[in-house]
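Just so you know, residue 1 is the first one in the sequence shown, and it goes up from there.
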Amino acid sequence: MEPMDLIRDKFSQDCSIETVLHLLMAHFDMTEEAARAEIDEYFAIIDWIDKHRNNQE
C-alpha cells in the first residue's frame, strides 16, 4: 500500500485529517511534515480533478 492509497481509503471512510496524519506517520514512518505534504498533495489532486470535471460539463 502506498501513502496515497491509505489517504484515499481513510478519507472515503470519513476519517479526520488528524487521524490520517497519524496513520501516515505510524504506518510509513513519516515525519509530521512529510505526512502533511502527502495530504496536501492528495487535496491538490482532488482539486485538479474537480476543476477538470467542471470544465467538461
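Pro3 has its side chain out of reach of Glu41: every pair of non-hydrogen atoms, C-beta onward, lies at least 4.5 Å apart. The shortest side-chain heavy-atom distance between Glu38 and Leu6 does not fall under the 4.5 Å cut-off.
The salt bridge (charged side-chain N to carboxylate O under 4.0 Å, His left out) analysis of residues 42-51, with sequence neighbours excluded, yields no pairs. Within the structure, every pair that satisfies the ring-ring contact (aromatic ring centres under 6.0 Å, His included) test and touches residues 7-40, not counting sequence neighbours, is listed here: Phe11-Tyr42, Phe11-Phe43. Residue pairs that meet the salt bridge (charged side-chain N to carboxylate O under 4.0 Å, His left out) test with at least one member in residues 24-33, sequence neighbours left out, are Glu32-Arg36.
At most 12 heavy atoms of other shown residues, nucleotides or ligands fall within 6.0 angstrom of atom CD in Glu2.
The shortest heavy-atom contact between Ile7 and Val20 is CG1-CG1, 4.0 Å. Nearest heavy atoms, Leu21 versus Ala35: CD1-CB, 3.4 Å.
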Requested in this report: Go through the steps for Lys10 and Thr19 under the test side-chain contact (heavy atoms from CB on, under 4.5 Å), then give the verdict.
Outcome: CA-CA 9 Å; Lys10 295 305 173 186; Thr19 297; over 6 Å; no
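Expressed to the nearest 0.5 Å, how far CD of Glu18 lies from CG of Leu23 amounts to 11.0 Å.
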